[in-house]
Amino acid sequence: MLPYFILVILPFAVYVLGLVKGKKWDKKCLTLFFIIFIVLLSLRSIDCGVDLKNYNYIFNNLSTKSISNIFNLYNREFLFYALNKIVYVLFSDFRVMIIISALISIIPILIVYKNESKNMLLTLSLFLTIAPFSVFFSGLRQSLAIGIVFLSYPFLKKKKCIPFIITVLIASLFHKSSLVCLIIYPIYHFKHTKKIFYFFVPLLIITWIFKNQLFSTIIQFVDPLYQERYNIIESTGAYGMLILLLMLDLFCFILPEKGQIDGDFNGLRNILVLSTFIQCFASINPIVMRINYYLLLFVPLLIPMVKYKCKKENIKITNLFELFLTSFLIFYFFYNGYNGNDILQIFPYIPFWR
């Protein structure tokens, strides 16, 4: 667990040192966190992350195939396999593929968070627990897709629909699940008043009650390959994340004042609401969580904004909530590391030389 302690404690120490010196080192804190994160991803063993051994096999297996063969075999997600082939031809080393995947996956997140976050510590805490932190250690294809999708955030904000769609389509050639992100554009730009919250609550309750029936209906409209693999309804026990998202929904709807809400806050809050509805289905099918990974990455941007959208008399409440949430999430991250299910097998961290 030492590498994970370094990942968290060192950037936080830099932040505190900046406060002591009377300087605001929040961006340095965030940059350091993601640099360490990239290093950890780059140096991890193929035993750190449940899927890496399979990706290692794919990498070596592609050595005998031409680009045209790869396209015929893997046209759905051609870019991922083509990237593997190129790296194999140039370096013949899966470690290089791991490093390139880490850079493509994480640098977009670093750039967006650094430019947009209003509270770096809270953003990092949310990234560790709510965003798909563990996935970056295991699923190379989806990690690449997540990073590329996140590059579309500036296009989303500036209503550049075509570049947004192109970016998502490129991401889908690494992992087809990213196509679900096309729905983000209309959801983000959907304008409404605070009164919609009164519809949100009963609709969410109805969704929860009839989640089995709704999921069985929705799955009929997806790719037949996914229907065959994931048309299973079973209890996954994924309730903790739903409760946390509900708490964040309340925080984002109750405290902000109507006159302070801008398009970006409204759009990110819409994504949080959509993510909450999707999370209802994660309790009956584990694949749903994979879809939600793309949306949850936006939550660390949204929550720090709340303080700047509420009345002055509520700022103390938001400060206390941010302090509590940051502390709780950091505690939960390490607690889960020692006592959680560790489905993706990232605890403890294993470097490649061990």
Side-chain angles (χ1 to χ4, degrees), residues 50 126 129-135 138-139 142 145-146 149 168 172 175-188 190 192 194-254 266-300 302-303 325 329 332 336 340-344:
V50 69
L126 290 163
T129 48
I130 290 181
F133 175 83
S134 299
V135 174
S138 185
Q142 189 160 22
I146 289 170
V149 164
V168 173
S172 73
H175 202 284
K176 196 175 181 181
S177 66
S178 60
L179 285 173
V180 74
C181 295
L182 291 173
I183 199 175
I184 291 178
Y185 193 89
I187 291 293
Y188 179 91
F190 174 67
H192 56 79
K194 201 171 183 178
K195 292 180 180 179
I196 199 172
F197 182 72
Y198 300 111
F199 296 95
F200 162 67
V201 174
L203 187 57
L204 188 67
I205 293 172
I206 293 171
T207 301
W208 176 259
I209 294 173
F210 296 102
K211 59 183 180 295
N212 290 14
Q213 295 88 338
L214 289 169
F215 181 79
S216 297
T217 301
I218 294 170
I219 197 70
Q220 301 303 316
F221 295 95
V222 303
D223 190 306
L225 180 63
Y226 286 93
Q227 288 183 34
E228 183 179 345
R229 288 183 181 178
Y230 305 119
N231 191 16
I232 300 172
I233 295 178
E234 58 184 5
S235 177
T236 65
Y239 304 115
M241 180 66 75
L242 178 60
I243 293 171
L244 180 56
L245 291 178
L246 286 171
M247 181 179 69
L248 296 180
D249 283 314
L250 290 172
F251 182 62
C252 292
F253 271 101
I254 294 175
N266 182 78
L268 290 172
R269 188 172 62 180
N270 290 348
I271 293 175
L272 172 61
V273 169
L274 175 61
S275 178
T276 306
F277 276 95
I278 291 175
Q279 192 63 31
C280 288
F281 300 103
S283 65
I284 59 172
N285 190 291
I287 195 61
V288 176
M289 197 65 204
R290 288 195 174 192
I291 295 173
N292 220 5
Y293 289 151
Y294 299 99
L295 305 182
L296 292 173
L297 204 59
F298 291 92
V299 177
L302 169 65
I303 305 306
L325 187 60
L329 293 177
Y332 177 78
N336 191 55
N341 292 329
D342 193 20
I343 297 172
L344 297 181

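We number each residue from 1, following the sequence as shown. Side chains are part of it too, since the values below use all heavy atoms of this structure and drop only hydrogens, waters and symmetry mates.
Rounded to the nearest 0.5 angstrom, W208 CH2 and Q279 CD are separated by 9.5 Å. With rounding to the nearest 0.5 angstrom, the CD1 atom of I303 is 11.0 Å from the CZ atom of R269. Atom-to-atom distance recorded for L245:CG and L295:CG is 10.0 Å, nearest 0.5 angstrom. One distance of note links CD of Q142 with NE2 of H175; it measures 4.5 Å at 0.5 Å rounding. Between the CG atom of L268 and the SG atom of C252 there is a distance of 9.0 Å, given to the nearest 0.5 Å. Residue I284 holds its CD1 atom at 6.5 Å from CZ of F281, rounded to the nearest 0.5 Å.
Between F215 and F210, the ring center distance fails the sub-6.0 Å criterion.
At least one side-chain heavy atom of M289 sits under 4.5 Å from a side-chain heavy atom of L296. Contact check for L274 versus I183: side-chain heavy atoms found under the 4.5 Å cut-off. Looking at L244 and L325, their side chains come closer than 4.5 Å, going by heavy atoms from C-beta outward. You'll find the side chain of I184 reaches within 4.5 Å of the side chain of C181, heavy atoms only. Here the side chains of F277 and L203 are in contact, with some heavy-atom distance below 4.5 Å.
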Chi angles and distances behind the side chain to side chain contact (heavy atoms under 4.5 Å, CB included) call for I130, L248: CA-CA 11 Å; I130 290 181; L248 296 180; 3.6 Å; yes

Residues L204, V273; criterion side chain to side chain contact (heavy atoms under 4.5 Å, CB included); working and verdict: CA-CA 9 Å; L204 188 67; V273 169; over 6 Å; no

Side chain to side chain contact (heavy atoms under 4.5 Å, CB included) assessment of K211 paired with I206: CA-CA 8 Å; K211 59 183 180 295; I206 293 171; over 6 Å; no

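Between the N292 side chain and the T276 main chain, no donor and acceptor come within less than 3.5 Å of each other.
For I146 against Y293, the heavy-atom pair with the smallest separation is CD1-CB, 4.1 Å. Closest heavy-atom contact between I278 and V288: O-CG1, 3.2 Å.
Residue-environment remark: OH (Y332) stays at or below the threshold of 12 foreign heavy atoms within 6.0 Å.
For V180, the side chain to side chain contact (heavy atoms under 4.5 Å, CB included) criterion is met by I291, Y294, not counting sequence neighbours. With sequence neighbours excluded, the residues satisfying side-chain hydrogen bond (donor to acceptor under 3.5 Å, both in side chains) with Y188 are D264.
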